[in-house]
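So you know, we letter chains A, B, ... as the sequences are listed, proteins then strands, and number each from 1.
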Protein chains: 2
Amino acid sequence: MPPPRKFVSAREVAERAGVSRSAVSRAFTPGASVSEDTRRRVLEAATALGYHVNHLARGLSLKESGIVCLVGSELGTPYRASLVKAMTQAAQDAGKVAMVINTDRSDESVSAALRQALHYRADASIILSGMPDKSITRLCLENGQRIVLINRDDDQDGPLRINLRDGEAARCALTAFLRAGCRRLAFANSEAGTPSLMARERGFLAAAAAIGLPVTVERFGPSVYESGRELARRLLTARVRPDAVFCATDLIACGFLDAARHEFGLAVPEDLCVTGFDDIEQASWSSYSLTTFAQPVAEIAREAFAWLRLAPEEAARRPAAVELEARMVWRRTVRGRPPAARAAARAAVEA
Amino acid sequence: MPPPRKFVSAREVAERAGVSRSAVSRAFTPGASVSEDTRRRVLEAATALGYHVNHLARGLSLKESGIVCLVGSELGTPYRASLVKAMTQAAQDAGKVAMVINTDRSDESVSAALRQALHYRADASIILSGMPDKSITRLCLENGQRIVLINRDDDQDGPLRINLRDGEAARCALTAFLRAGCRRLAFANSEAGTPSLMARERGFLAAAAAIGLPVTVERFGPSVYESGRELARRLLTARVRPDAVFCATDLIACGFLDAARHEFGLAVPEDLCVTGFDDIEQASWSSYSLTTFAQPVAEIAREAFAWLRLAPEEAARRPAAVELEARMVWRRTVRGRPPAARAAARAAVEA
DNA sequence: TTGTAAGCGTTATCAG
DNA sequence: CTGATAACGCTTACAA
């Protein structure tokens, strides 16, 4: 059953190069002291034999496996896929390699994934969705495994928490709606109830409440396109039809937009203003031209790996949470202009 | 620099459980002979201590690491992302774990990825894009690493090759166009020149040639949405405007559709019939309702892992290539009805 | 700079 | 069923 495999090992390389095993090891270790001559001889023998350092064995001696675990659900979804791509790329750039583990919505499956990370002695785990059990998190931490939580809004410390300022984005959306003359506000959310989704909802409600405006909130299904359509059906047949809706994600917004236009014959942004969140690629497609808030995916990946690169004590000394801005991307589903464009227009008039 | 990590090892578990190290090992080995009593004692001690079998070490003794490498480029793209998702899931279902490696378009980067797979003693590598160097492929094979090539259309054997019947799909598209009354055919392709893209193009041209119809082919840029828009601009301003275009991928088709409608004011399918390829999720969104051909992603993953599950000699005995059908998905960018619907309609009339 | 030897955590073999 | 012991392939003091 176990397939017969015969990898060439350092010993064979050593023999062929006429040196000792350690010399071979050193030849492949960046800062080691080897004479240029032996290094060359070793490298020659190695390529001739097709030798590749066994990272499994190396991870055994060293205390680093070079593996970073990416765990999350709905990895086929545009936003998640872009995150996976950015993370795997960042891992490679950091000289590591990413192991990706799919989870379903259950927190149990997240714990199972973390257990897998432990099995492979991953140097770190990056969690894109769900919440691991406290106990398994502690176990990882105790074993020297670093943990990064993306948009998880957790309060335990030890892990690095990277979050977006969802509330600020919500306020921003509200301002844009107001300036567009909208007053009948709605928030279209899924029933997933993840921290960031809820933060957006709360932020929007709070901002509206601050100026005494009510918000109709509707929640339905998972965070997918179809839910957006259904949410549109519910919201747009209500007795008082909203004239501005903040969709919790772009996927929802796309579905909402399609239903609003094709099923209700509404013109956006004339009859209705809409914003999304994430800035997935499709948001920029001309059928949508969705005004939305960008997940700073590259920046998230950069922050995560910058922290991972730090020595453990150093990392422990740093604040364990970083907050990033979700920049508003103005396109064409909200009437009016972005502040910058307004400033430019004003300048033009004055000139 | 190397972070101080102290994982609990089998020895500590053994001590606590009052058994030998080998007993611990056996307790975690499915078919091993251990008394129910010791197994329970071991398991208890293990959970109490937070012990997790070290798969790095296990991979060292066994000749299997349990790692499957997924290598490909543009992993954030809808089709690729769905493939990654399906593959990582299939890996987990098969009791393995997926390591994903990003490549750019260069074949050199694919070889580098394969080298990485070698480093980690991956049991198999699944290649989603690009072509590895023959020599590195041979090296992997010699080292007992199985290789699966997805839509790569290669002729070397050793790897399992999973391909779609692109030509058949192309013929299918042509038939649909013809039945819709279209005669001015075009093929919109990217400049990527990947095997499957070219196979679709060749297939379409061949089918058209067989009945004496010319096809305008235009190629531009990478296989992305924007390229589709540009291809539309080129094709739709031509002296004789096509009335049917086969886009090499759905992404291209979406761009093409958007430009055709929003920039040229064309009605689809009335003025123009369009088909895509892949059946990405967006193809089903109502702004597109794209008639297309589905990549049988789940089936591809299933085939890949079914083959990987086979013992090496068994796998060697099997045909090393499997061809899958890209089923046509009828939506609304081609006039007319699918064969099944026509048959049903005929039956209704007769009744 | 180089080689020798010990150790990393498993599993497989072989006695008992 | 159980326990010692020898690999597995690497890194890294330690000594030369």
Worksheet, complete the sentence: Residues B:Val13 and B:Val42: closest non-hydrogen pair is CG1-O, 3.8 Å
Worksheet item: Using a cut-off of less than 4.0 Å, is there contact between a side-chain N or O of B:Lys63 and OP1 or OP2 of C:dT10?
Response: no
Worksheet entry | Distance, nearest 0.5 Å, that separates CG of B:Leu139 from CZ of B:Arg115 | 9.5 Å
Worksheet item: Within this structure, what is the CD-to-P distance between A:Glu15 and D:dG9, rounded to whole angstrom?
Response: 13 Å
Worksheet entry | Nearest-angstrom distance from the residue atom CZ of B:Arg121 to C1' of D:dG9 | 8 Å
Practice prompt. Mind calculating the distance between CG (A:Leu62) and C1' (C:dG9) to the nearest angstrom?
Written response: 15 Å
Worksheet entry | A:Ser22 and A:Ser25 side chains, donor-acceptor separation under 3.5 Å | no
Fill in: 5' precedence on DNA chain D between B:Leu60 and B:Glu36 (nearest-nucleotide basis)
B:Glu36
Worksheet item: With ring centroids as reference points, do B:Tyr120 and A:Tyr120 lie under 6.0 angstrom apart?
Response: no
Fill in: End-to-end axis angle, where each axis spans five pairs of the helix from C:dT1-D:dA16 to C:dG16-D:dC1, to 10°
40°
Worksheet entry | Pair of N/O donor and acceptor under 3.5 Å linking D:dA4 base with B:Ser22 side chain | yes
Worksheet entry | Derivation of the side chain to side chain contact (heavy atoms under 4.5 Å, CB included) call for B:Leu308 and B:Asp123 | CA-CA 9 Å; B:Leu308 290 180; B:Asp123 297 337; over 6 Å; no
Discussion item. Is the terminal nitrogen or CZ of A:Arg318 (NZ for Lys, CZ for Arg) located under 6.0 angstrom from the six-membered ring centre of A:Trp307 and within 45° of that ring's axis?
Written reply: no
Worksheet entry | B:Arg21 CZ - D:dA4 C1' separation (whole Å) | 10 Å
Discussion item. Using the side-chain contact (heavy atoms from CB on, under 4.5 Å) criterion, which residues pair with B:Thr194? Sequence neighbours excluded.
Written reply: B:Arg105, B:Arg152, B:Ala192, B:Ser196, B:Leu197
Practice prompt. State which of D:dG3, C:dT10, D:dT2 makes the closest approach to the side chain of B:Ala23.
Written response: D:dG3
Worksheet item: With a non-hydrogen cut-off below 4.0 angstrom, is A:Val34 in contact with a base, only sugar-phosphate, or nothing?
Response: sugar-phosphate
Worksheet item: Roughly how many Å is it from NE2 in B:His55 to C1' in C:dT11, rounded to a whole number?
Response: 13 Å
Practice prompt. Round to the nearest Å and state the distance from B:Arg58 atom CZ to C:dC8 atom C1'.
Written response: 17 Å
Discussion item. Base, sugar-phosphate or nothing for A:Ser33? Non-hydrogen atoms, less than 4.0 Å.
Written reply: base
Practice prompt. Just call it for B:His52: base, sugar-phosphate, or nothing, with non-hydrogen atoms closer than 4.0 Å on any strand.
Written response: sugar-phosphate
Item to complete: Considering just the side-chain nitrogens and oxygens of B:Tyr51, establish if one lies under 4.0 Å of OP1 or OP2 belonging to C:dT10.
Response: yes
Fill in: Any B:Ser61 side-chain nitrogen or oxygen under 4.0 Å from OP1 or OP2 of C:dT11
no
Discussion item. Looking only at the side chain of A:Ala10 (C-beta and beyond, no hydrogens), which of the listed nucleotides D:dC10, D:dA4, C:dT10 gets closest?
Written reply: D:dC10
Worksheet entry | Under 4.0 angstrom between B:Ser9 side-chain N/O and C:dC8 OP1 or OP2 | no
Fill in: d(CG, A:Asn54; P, C:dC8) in whole Å
18 Å
Practice prompt. Rounded off to whole Å, could you give me the CZ-to-P distance for the A:Arg26 and D:dC14 pair?
Written response: 14 Å
Item to complete: Would you tell me whether A:Ser129 and A:Glu74 have side-chain atoms, one donor and one acceptor, within less than 3.5 Å of each other?
Response: no
